[in-house]
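Down below is the structure, laid out as structure tokens.
Because only heavy atoms are used, hydrogens play no part in the values below, and waters and symmetry mates are left out as well, while side chains stay in. The first residue of the sequence shown is numbered 1, and numbering continues consecutively from there.
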Amino acid sequence: MDFEFANSKLRRLCENAKEAQRRLGPHSARKLRARLSDLVAANAVGDLVAGRPHPLKGERSHEFSVSLHGGDRLVFEAAGENPPLTMDGSIDWNNVSRVRITEIGDYHD
């Protein structure tokens, strides 16, 4: 699967292990590298199994999350203008093959 970043700060966090370790701590930084590898290896979001993958709800129903460590999460959305939809109008994550990383951290705060 392909992925892109919502901004350069997120790109730097994902591409620079020292930056990730400084900002997220060693456990979440290690999990971030693993989850990014999982994204690369997957054909679609529906193929993800590690990190308790799940779509978000409510105002964030257009986003998907995987756990890192503690409350930290890797959050992304379908990239492109017209993501595939299910019959009920929600995003068909089983057929999303390109995502945009929008957040890394604890969105529960």
>> Please check this pair: side chain of S61 against backbone of G58, looking for a donor-acceptor N/O pair closer than 3.5 Å.
In response: yes
> How long is the span from the CG atom in L32 to the NE2 atom in H69, to the nearest 0.5 Å?
Replying inline: 13.5 Å
>> Please give me the minimum heavy-atom distance between A50 and P53, naming the atom from each residue.
In response: O-CD, 3.6 Å
>> Can you list everything that forms a side-chain hydrogen bond (donor to acceptor under 3.5 Å, both in side chains) with T102? Sequence neighbours excluded, please.
In response: E63
> Quick one: CG on N7 to CZ on R12, what's the gap to the nearest 0.5 Å?
Replying inline: 8.5 Å
>> One thing to verify: whether E103 and R60 come together as a salt bridge, which I'm taking to mean a side-chain N less than 4.0 angstrom from a carboxylate O.
In response: yes
>> In this structure, would L13 and Y107 fall into the same cluster of hydrophobic residues linked by side-chain contacts under 4.5 Å?
In response: no
> Which pair of heavy atoms, one from P55 and one from W93, lies closest together, and at what distance?
Replying inline: CB-NE1, 3.7 Å
> What is the distance from atom CG of L74 to atom OG of S67, rounded to the nearest 0.5 Å?
Replying inline: 10.0 Å
> Taking only residues two or more places apart in sequence, or in another chain, which ones meet D88 in a side-chain contact (heavy atoms from CB on, under 4.5 Å)?
Replying inline: T86, S90
>> Checking R33 now: which residues fulfil salt bridge (Lys or Arg N to Asp or Glu O under 4.0 Å) with it, not counting sequence neighbours?
In response: none
>> If the test is side-chain contact (heavy atoms from CB on, under 4.5 Å), which one of I104, I101, L56 qualifies with V75?
In response: L56
> Closest approach of N94 and G46, non-hydrogen atoms and distance?
Replying inline: OD1-CA, 3.2 Å
> With sequence neighbours left out, what residues match R35 under salt bridge (Lys or Arg N to Asp or Glu O under 4.0 Å)?
Replying inline: D38
>> Run the side-chain contact (heavy atoms from CB on, under 4.5 Å) test against P26 and tell me which residues pass, sequence neighbours left out.
In response: Q21
> Yes or no on side chain to side chain contact (heavy atoms under 4.5 Å, CB included) for F64 and I91, after CA distance, side-chain angles and deciding distance?
Replying inline: CA-CA 10 Å; F64 201 92; I91 295 176; over 6 Å; no
> Between D106 and D72, what is the shortest heavy-atom contact and its length?
Replying inline: N-OD1, 3.6 Å
> Stepwise, does the side chain to side chain contact (heavy atoms under 4.5 Å, CB included) test hold for V45 with M1?
Replying inline: CA-CA 8 Å; V45 174; M1 179 169 21; 3.8 Å; yes
>> In the structure I gave you, are the side-chain heavy atoms of F5 and E15 within less than 4.5 Å of one another anywhere?
In response: yes
> What closest approach, in Å, do R100 and A6 show between heavy atoms, and which atom pair accounts for it?
Replying inline: CG-N, 3.8 Å
> Which distance, rounded to the nearest 0.5 Å, do you find between the OG of S28 and the CZ of R73?
Replying inline: 9.0 Å
>> Walk me through whether K31 and H27 qualify under side chain to side chain contact (heavy atoms under 4.5 Å, CB included).
In response: CA-CA 6 Å; K31 292 287 188 175; H27 300 294; 5.7 Å; no
> Are V66 and V40 connected in a single hydrophobic cluster, I mean Ile/Leu/Val/Met/Phe/Trp/Tyr linked by side-chain heavy atoms less than 4.5 Å apart?
Replying inline: yes
> Mind checking what makes salt bridge (Lys or Arg N to Asp or Glu O under 4.0 Å) contact with D2, not counting sequence neighbours?
Replying inline: R98
> Can you name the closest pair of heavy atoms from D92 and N95 and give their distance?
Replying inline: OD2-ND2, 2.6 Å
